[in-house]
Amino acid sequence: MQQLSPERLILTINGETVRLKDVSPTITLLEYLRQSGRIGTKEGCGDGDCGACTVAIVGEGADGKPHYQAVNSCLIPLGAVAGREIITVEGVANGQLHPVQAAMVETGGSQCGYCTPGFIMSMFAAYYDRQVDDMAIEGNLCRCTGYLPIRRAAQQVMQMQPPSDCFSQKVAQATTEVSQISYSCENQKFYRPTQLQTVLELLQQHPGASLVAGATDLGLEMSHHSKSFPVLISLEAVAELKTLTNIPELVEIGAAVPLSHIEENLRGVFPAMDEMLHWFAARQIRNRATLGGNIGTASPIGDLPPVLLALDAQLRIAGIGGKRILSLADFFKGYRKTDLQPGEVIVSVQIPKNITPGATRRLSQSYKVGKRGTDDISIVAAAFTIDLGDRDRIEHARLAYGGVAATPARAVAVESKLIGKPWNAETVKQAKQELKQAFTPLTDLRGSAEYRKMLVANLFEKFFVEMGNG
């Protein structure tokens, strides 16, 4: 077994090396920052929605090089940032206002100021990536200033010359390697191995351990419910889980690959995935959240499982006894229940590219309905794949949904009835009637059961129209 030596948690904050001992590895980075007097980072919602807690960390970008990445400090366990370089709002001025700060002052982008540090850090990270646009601040909310002056600040920064300062030099010289650690504090243990075999052996030693990668879901349990995790095993440094392969037959995505990497490296390969990732969440979340985590939580309102179901994705799963491949359609067993056996880990997701034999073209797209555009929970999510053959006869159909059942699910009965029928308005009209009865959704604060049934049917019609029909 790979040796994991106990050590202190060591991280760098604004250029200062911090060595921590007897500090819980499962308090959030935000909690630690504020407890240590770094109160420029604010606490707003505590669930990654408002962006007031945004900080920048030096991490691996989609190109494999070091980049400043905006992240929500309210969702990251302290153990997960061990060995990381962290920049907070206190560290950007460097004797004079940073260009991002100066732009906010000049445009009047701050009123009460509570949200301002988060905006500054989001634009700071984007400034060094030359990606300062409206999407750079999509994960930040302002309740009093109004967004126009903040947008003007972002536009002003975008027009500046590429930066050459201490921060650009620091990130250019940084390493993206995340080392292994083993850390204990009282009754809590935090492991970050670098090999899959070590993960499997640790799961044998600690059957009740919780796995964590980006922590955007588990972070809610820490932030909102103060839940304790006696043993955490981080997957973000495991090389076997971070690969991304794109070959003619399929795409294979490691379970620990961040969504922002998928977004950049697979753009244009699967239109349905492109669309859902755009609406998935803000950049701060996508920089941390992983595909394996979005599947493994088995949430009925997970955004990406409907897309993967519509694309006939398969999972590679590993346990101490070996590996297996399982269709995603067979993975979800009930509310928050999966086919994952004790001691097993999702290694990767395989998505085939080939269309059905005999078909001549594929239509595929996804949709998300929420109360706001990005960074919101789905009322209903849907993804469709239709393969058409001669005379536009349906050769293959996948109609997948989230938010309408205890698990992400396909409308299998409707799919079967579509096979062999012409792809036209009459076929879609008949399918709509059947789709309204395909699921038994719940009524909650986001929408009624009847509204969800209407969405299930109407989104399929929307797909038909948007594919150049109707």
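Side chains are part of it too, since the values below use all heavy atoms of this structure and drop only hydrogens, waters and symmetry mates. Throughout, numbering of the chain's residues begins at 1 and tracks the sequence.
The shortest side-chain heavy-atom distance between Leu33 and Val55 falls under the 4.5 Å cut-off. Between Thr290 and Leu259, the closest side-chain pair of non-hydrogen atoms is not below 4.5 Å. Between Pro352 and Glu249, the closest side-chain pair of non-hydrogen atoms is not below 4.5 Å. You'll find the side chain of Leu399 reaches within 4.5 Å of the side chain of Phe460, heavy atoms only. Proximity of Phe190 to Ser234: side-chain heavy atoms (C-beta onward) are separated by under 4.5 Å at one or more points. In this structure the side chain of Glu85 never reaches within 4.5 angstrom of the side chain of Thr175, judged on heavy atoms. Contact check for Tyr68 versus Ile87: side-chain heavy atoms found under the 4.5 Å cut-off. Within the 4.5 Å cutoff, the side chain of Leu78 has no heavy atoms near those of the Thr26 side chain.
For Lys462, the NZ atom counts as loosely surrounded, since its 6.0 Å shell holds 12 or fewer non-hydrogen atoms of other residues, nucleotides or ligands. Remark: Asn354 CG is packed, more than 12 non-hydrogen atoms of other residues, nucleotides or ligands lying under 6.0 Å away. A 6.0 Å sphere centred on NZ of Lys242 holds more than 12 heavy atoms belonging to other residues, nucleotides or ligands. Around NZ of Lys421, the count of heavy atoms belonging to other residues, nucleotides or ligands within 6.0 Å exceeds 12. More than 12 heavy-atom neighbours from other residues, nucleotides or ligands sit within 6.0 angstrom of NZ on Lys333. A 6.0 Å sphere centred on CZ of Arg130 holds more than 12 heavy atoms belonging to other residues, nucleotides or ligands. Other residues, nucleotides and ligands contribute only 12 or fewer heavy atoms inside 6.0 Å of the CE atom of Met454. Heavy-atom contacts from other residues, nucleotides or ligands closer than 6.0 Å to CD of Glu177 number 12 or fewer.
Atom CG of Leu277 and atom CG of Leu266 lie 9.0 Å apart (nearest 0.5 Å). Remark: Leu250 CG to Ile351 CD1 distance equals 9.0 Å, nearest 0.5 Å. The CG atom of Leu235 sits 11.0 Å away from the CD atom of Glu240 when rounded to the nearest 0.5 Å.
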inquiry  = side-chain contact (heavy atoms from CB on, under 4.5 Å) for Leu459 and Leu435? Distances and angles first, verdict last.
reply    = CA-CA 10 Å; Leu459 287 173; Leu435 283 169; over 6 Å; no

TODO: Assess whether side-chain contact (heavy atoms from CB on, under 4.5 Å) is satisfied between Thr54 and Val71, documenting all intermediate values.
DONE: CA-CA 5 Å; Thr54 302; Val71 298; over 6 Å; no

Note to self: I'd like to know whether Val251 forms a side-chain contact (heavy atoms from CB on, under 4.5 Å) with Lys353, so could you lay out the CA-CA distance, the side-chain angles of the two residues, the decisive distance to 0.1 Å, and finally the verdict.
What the structure shows: CA-CA 7 Å; Val251 164; Lys353 288 183 179 180; 3.6 Å; yes

From CA spacing to verdict: salt bridge (charged side-chain N to carboxylate O under 4.0 Å, His left out), Asp444, Arg446: CA-CA 5 Å; Asp444 59 21; Arg446 290 186 293 277; 3.5 Å; yes

(message) Does Gln284 form a side-chain contact (heavy atoms from CB on, under 4.5 Å) with Asn140? I'd like the steps, not just the answer.
(response) CA-CA 9 Å; Gln284 291 99 312; Asn140 297 81; 3.2 Å; yes

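In this structure, Thr243 contributes its side chain and Ile253 its backbone to no donor-acceptor pair below 3.5 Å. Between the side chain of Gln69 and the backbone N or O of Glu60, at least one donor-acceptor pair lies under 3.5 Å. Remark: the backbone N or O of Thr28 is paired with a side-chain donor or acceptor of Glu31 at under 3.5 angstrom. Between the side chain of Asn265 and the backbone N or O of Ala62, at least one donor-acceptor pair lies under 3.5 Å. The backbone N or O of Ile379 lies less than 3.5 Å from a partner atom in the side chain of Arg452, making a donor-acceptor pair. For the pair Asn72 (side chain) and Cys74 (backbone), a donor-acceptor distance under 3.5 Å is absent. No donor-acceptor distance shorter than 3.5 angstrom exists from the side chain of Thr88 to the backbone of Thr41, with no hydrogens or angles considered. No donor-acceptor pair under 3.5 Å is formed between the side chain of Lys453 and the backbone N or O of Ser448. No donor-acceptor pair closer than 3.5 Å links the side chain of Tyr335 to the backbone N or O of Thr407. Checking side-chain atoms of Thr198 against main-chain N and O of Thr194 turns up no donor-acceptor pair under 3.5 Å.
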Indicate every side-chain donor-acceptor pair of residues 300-309 with a distance under 3.5 Å to a residue at least two apart or in another chain.
| from | atom 1 | to | atom 2 | distance (Å) |
| --- | --- | --- | --- | --- |
| Asp303 | OD1 | Ser378 | OG | 2.6 |
| Asp303 | OD2 | Lys368 | NZ | 2.8 |

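Tyr127 and Val157 make their closest contact through CD1-CG1, 3.3 Å (heavy atoms, listed as atom of the first residue, atom of the second, distance). The two atoms that bring Asp339 and Glu344 nearest to each other are O-OE1, 4.1 Å, heavy atoms only. Shown here for Pro441 and Ala449, the closest heavy-atom pair between the two residues is O-CB, 3.4 Å. When all heavy atoms of Ser210 and Phe229 are compared, the pair lying nearest together is OG-CD2, 3.5 Å. The two residues Ala80 and Arg192 come nearest to each other via the heavy atoms O-NH1, 3.6 Å. For the pair Ile386 and Ala397, the tightest heavy-atom approach, listed with the atom from each and the gap, is CD1-CB, 3.7 Å.
Side-chain contact, Glu395 with Thr356: no donor N or O sits under 3.5 Å from an acceptor N or O. A donor-acceptor contact closer than 3.5 angstrom links the side chains of Asn287 and Ser260. Inspection of the Gln314 and Ser327 side chains reveals no N or O donor paired with an N or O acceptor under 3.5 Å. For the 3.5 Å distance criterion, the side chains of Glu201 and Gln205 fail to qualify, holding no donor opposite an acceptor.
Sorted by first and then second residue, the salt bridge (charged side-chain N to carboxylate O under 4.0 Å, His left out) pairs involving residues 272-299 (not counting sequence neighbours) are Glu138-Arg286, Glu236-Arg288, Glu263-Arg286.
With Asp387 as reference, Arg362 is the one residue of Arg361, His396, Arg362 to meet the side-chain hydrogen bond (donor to acceptor under 3.5 Å, both in side chains) rule.
Centroid-to-centroid, the aromatic rings of Trp423 and Phe464 come within less than 6.0 Å. Between Tyr401 and Tyr367, a ring centre-to-centre spacing not shorter than 6.0 Å is recorded.
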